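Written below as structure tokens is the structure these notes are about.
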Amino acid sequence: MRGDRMSKAPRTAISPTREENYPEWYQQVIRAADLAENSPVRGCMVIKPWGYQLWENVQRALDDMFKATGHQNAYFPLFIPMSYLEKEAEHVDGFAKECAVVTHHRLEPDPDGGLRPAGKLEEPLIVRPTSETIIGATYAKWVQSYRDLPILINQWANVVRWEMRTRMFLRTAEFLWQEGHTVHATSEEAVEETEKMVEVYRDFAENWMAMPVIVGSKTPLERFPGAVETLSIEAMMQDRKALQAGTSHFLGQNFSKAQEIKFQSESGDIEFAWTTSWGVSTRLIGALIMTHSDDDGLVLPPRLAPTHVVIQPIYKDDSRAEVMEYVQSLRDELAAQTYANAPVRVTIDDRDIRGGEKKWYHVKRGVPIRLEVGPKDMAAGTVFCGIRNQPKSVGIDRAELVATIGEKLATLQQELFDAALKMREDNTVELKSEAEFRDFFADKGDTAITGGFAWCHYSDEDSLQPLLKELKVTIRCVPRTDNATEGTCFLTGKPAAQRAIFAKAY
RNA sequence: CGGGAUGUGGCUCAGCCUGGUUAGAGCGCUGCACUGGGGGUGCAGAGGUCGCAAGUUCGAAUCUUGUCAUCCCGACCA
């Protein structure tokens with residue numbers, strides 16, 4: 001539209017656009033939507049109310065699902081004795097480099113008028129990067145008999161991983177998550193638990209976040225340190241990179257042997273138990289942003305949106321009272337409706353700021369439905385309705401709106417999922433040769449969005465490493481479904497029994 | 001830890017190369033007015049001593065040295 005150049009306002013609310021500079025767009029969406037900001041501590045972020053409400057909705061939904069699958073919540077310490085980490089060799093290798101270490105327990109004045117650490121600890125404590133070890137040590141005391149099993153516990157907590165490079169929500173030094181830790185009498189039961197929980201994650205990602213995911217197994221090199229098998233859900237972001245959104249680990253007897261989680265079986269033998277762990281983090285918020293948001297800001301799936309509907313009264317001084325009254329009754333009627341078995345969440349924004357500014361405020365924050373109601377609408381019995389994934393607002397009969405509000409939210413939820421799925425399918429290919437592989441993942445410019453998901457047969461993970469490293473591609477997972485075909489390795493030509501998804505990843 | 005860059009009002013930055021009166025802009029913020037289905041217009045304001053330290057100089061945001069911090073690119077990662 002040429003006319004737009006006349007006005008000062010940018011054509012999109014977020015600048016740059018996804019096409020122009022995706023990483024910067026991501027940062028700007030977070031800022032514009034008021035989700036979070038950087039803190040004085042490097043790599044740590046302040047999650048602001050709008051962002052935290054999103055996380056609370058994530059927590060609530062998942063927590064219900066955990067409870068429904070028989071789990072209970074508990075809480076374990078933030079600090080872990082360093083010796084605990086040393087017990088599981090692979091685990092140490094995986095996390096040692098990124099641990100924050102507490103070595104002192106007191107501060108005292110130093111000669112320069114500042115403070116310095118004093119009271120050196122006998123044994124350093126690490127700030128948990130994950131809690132397998134300390135929970136395992138605790139479980140070892142709880143488990144004596146097969147009658148004590150299974151143990152099905154989850155904790156909601158913060159963890160710290162001292163990363164070199166951080167990005168808001170996707171990788172921060174401190175992040176919020178949940179970690180489930182279970183103990184079972186048999187391998188089969190633990191495997192079943194691992195699979196059950198990755199399925200919970202898939203269900204949540206697809207039905208709450210409207211984010212299609214691929215469920216698969218990690219290859220040995222990509223596995224969680226110390227795990228026998230790692231299952232994950234992988235999603236494609238709008239820049240076609242993959243994001244691991246949740247993991248569920250079958251830990252075999254590795255941790256129970258290291259932590260001595262033993263029990264006496266029905267037959268009287270002493271056996272090591274079988275454990276699992278599974279988690280998702282605030283990274284899901286990053287996934288949500290990168291799956292649905294557009295160049296006007298955040299787009300929220302209704303099931304997780306803190307507010308479903310915001311009503312914006314339009315009035316001049318002389319019509320204020322009647323418009324407000326009308327709008328309040330509309331709010332009450334809408335709030336009496338239900339969506340996804342819960343009341344519709346409606347708010348009125350009657351702040352004394354200009355209408356346009358107010359409109360964009362809510363667009364950028366991703367509110368699913370905006371309603372504008374002024375004297376003209378009152379006279380006509382209509383409301384002006386803008387749905388976040390639709391470019392234009394439309395007038396709609398008031399009674400009809402109230403009657404169909406739940407339906408509209410459900411439609412939006414579905415459309416967001418469908419669009420994300422289409423995005424993934426349009427950018428998923430099958431590659432059969434190194435030339436195809438190189439071409440698909442080649443860098444085509446600084447900000448150009450390229451690549452996607454590639455299905456490839458492969459025979460041996462190690463032999464692929466030089467190529468993968470060169471192109472910055474990783475094996476995301478060996479998908480659980482659509483994977484039965486036999487073929488030949490795209491690189492070596494050797495026979496290959498399985499295919500994996502290859503992609504650049506966060 | 002290697003390579004590159006930057007530190008000036010709340011935010012984004014200009015000024016620095018070619019040192020010189022009260023350090024600028026846009027956005028944001030405060031107030032008033034006009035507006036009022038659209039992130040508008042006008043007027044009036046608040047707010048910085050230029051990361052820190054030392055040095056050169058009659059004089060430094062501008063030059064020198066040191067230092068701290070941050071950011072980007074690599075090796076590592078939910």
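Residue numbers start from 1 in every chain, and the chains themselves are labelled A, B, ... in the order their sequence lines are given, proteins ahead of strands. Nothing here was measured: the structure is a model prediction, and the numbers come from that model.
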A:Gln465 CD - B:A75 P separation (whole Å): 13 Å
With salt bridge (Lys or Arg N to Asp or Glu O under 4.0 Å) as the criterion, how do A:Glu37 and A:Arg31 come out once you've worked through the C-alpha distance, each side chain's angles and the decisive distance to 0.1 Å? CA-CA 7 Å; A:Glu37 65 186 41; A:Arg31 200 216 290 225; over 6 Å; no
Please work out if A:Ile353 contacts a base, only the sugar-phosphate, or nothing of the nucleic acid, heavy-atom cut-off 4.0 Å. nothing
On a whole-Å scale, what distance lies between the C1' atoms belonging to B:C68 and B:U56? 23 Å
Could you list the residues that satisfy salt bridge (charged side-chain N to carboxylate O under 4.0 Å, His left out) with A:Glu174, not counting sequence neighbours? none
Base, sugar-phosphate, or nothing: which does A:Tyr361 touch, judged by heavy atoms less than 4.0 Å apart? nothing
Between A:Phe224 and A:Lys316, which residue's closest nucleotide on RNA chain B lies nearer the 5′ terminus? A:Lys316
Once you round it to whole Å, what is the distance between C1' of B:C72 and CD of A:Gln27? 13 Å
Between A:Arg480 and A:Glu195, is the salt bridge (Lys or Arg N to Asp or Glu O under 4.0 Å) condition met? List the steps. CA-CA 11 Å; A:Arg480 307 235 98 186; A:Glu195 290 177 349; 3.0 Å; yes
So which nucleotide from B:G38, B:G36, B:A78 ends up closest to the side chain of A:Ile314? B:G38
Using the P atom as the point on both nucleotides, what is the distance between B:C13 and B:G20, in whole Å? 24 Å
Over-ring placement of A:Arg240 relative to A:Tyr22, 6.0 Å and 45° cut-offs: no
Residue A:Phe384, side-chain atoms from C-beta onward, closest of B:G37, B:A78, B:G39: B:G37
Output all residues satisfying ring pair (Phe, Tyr, Trp, His ring centres under 6.0 Å) with A:Phe76, sequence neighbours left out; order by chain, then residue number. none
Determine the Euclidean distance between corresponding P atoms of B:U18 and B:G10; express it in Å to zero decimal places. 32 Å
Picking from B:G74, B:G37, B:C76, the nucleotide nearest the side-chain atoms of A:Lys97 would be B:C76
With nearest nucleotides of RNA chain B determined for A:Gly355 and A:Tyr506 from heavy-atom distances, which residue corresponds to the more 5′ nucleotide? A:Gly355
Just how far, in rounded Å, is C1' of B:C76 from CD of A:Gln244? 15 Å
Distance check needed: B:A75 P versus A:Lys472 NZ, whole Å only. 7 Å
Write down the distance between CG (A:Leu371) and C1' (B:G37), rounded to a whole number of angstrom. 14 Å
Verify stack between A:Trp177 ring and B:A78 base, 5.5 Å, 30 degrees: no
What is the nucleic acid contact for A:Lys376, judged by heavy atoms within less than 4.0 Å: base, sugar-phosphate only, or nothing? base
Assess A:Arg18 against A:Tyr26: is NZ or CZ under 6.0 Å from the centre of the six-membered ring, and within 45 degrees of the ring's axis? no
Which stems does RNA chain B form, counting runs of 3 or more consecutive Watson-Crick or G-U wobble pairs with both distances under 3.5 Å? B:1-7 with B:68-74, B:10-13 with B:24-27, B:29-34 with B:40-45, B:51-55 with B:63-67
What's the gap between B:C16 and B:G55 when it is taken at their P atoms, as a whole Å value? 26 Å
Nearest-angstrom distance, P atom, B:A25 to B:G48: 15 Å
Between B:U64 and B:A5, how many Å separate the two P atoms, rounded to a whole number? 14 Å
Among the nucleotides B:A78, B:G37, B:A75, whichever has the atom closest to the side chain of A:Lys469 is B:A75
Interatomic distance where CD belongs to A:Glu24 and P belongs to B:C72 [whole Å]: 10 Å
From CG of A:Asp352 over to P of B:C32, roughly how many Å is that when rounded to an integer? 11 Å
For A:Trp278 together with A:Phe66, are the ring centres under 6.0 Å from each other? yes
With rounding to whole Å, what would you report as the distance between B:A61 and B:U6 at their C1' atoms? 15 Å
Passing candidate, side chain to side chain donor-acceptor pair (under 3.5 Å) with A:Asn57, options A:Arg60, A:Gln53, A:Gln59: A:Arg60
In whole angstrom, give me the gap between the P atoms of B:U21 and B:G2. 42 Å
Fit a plane to each ring of A:His249 and A:Phe224, take the angle between them on a 0 to 90° scale, and name the class: parallel (under 30°), tilted (30 to 60°) or perpendicular (over 60°). parallel
Value in whole Å for how far the C1' atom of B:G39 lies from CH2 of A:Trp360: 8 Å
What nucleotide, of B:G40, B:G37, B:A78, holds the atom closest to the side chain of A:Ser281? B:A78
No-H, no-angle donor-acceptor pair, A:Arg354 side chain to B:G36 base, under 3.5 Å: no
Check if the side chain of A:Glu357 and the base of B:G40 share a donor-acceptor pair of N or O atoms closer than 3.5 Å. no
Closest to the A:Thr172 side chain: B:G36, B:A78, B:G38? B:A78
Side chain of A:Lys364, heavy atoms from C-beta onward: which of B:G39, B:G37, B:G38 has the nearest atom to it? B:G39
For A:Arg31, report the nucleic acid contact type (base, sugar-phosphate, nothing); a contact means any heavy atom under 4.0 Å. sugar-phosphate
May I ask you to say whether A:Lys359 pairs ionically with A:Glu372, meaning some side-chain N is under 4.0 Å from a carboxylate O? no
Select base, sugar-phosphate, or nothing to describe what A:Pro375 touches, counting heavy atoms under 4.0 Å on all strands. base
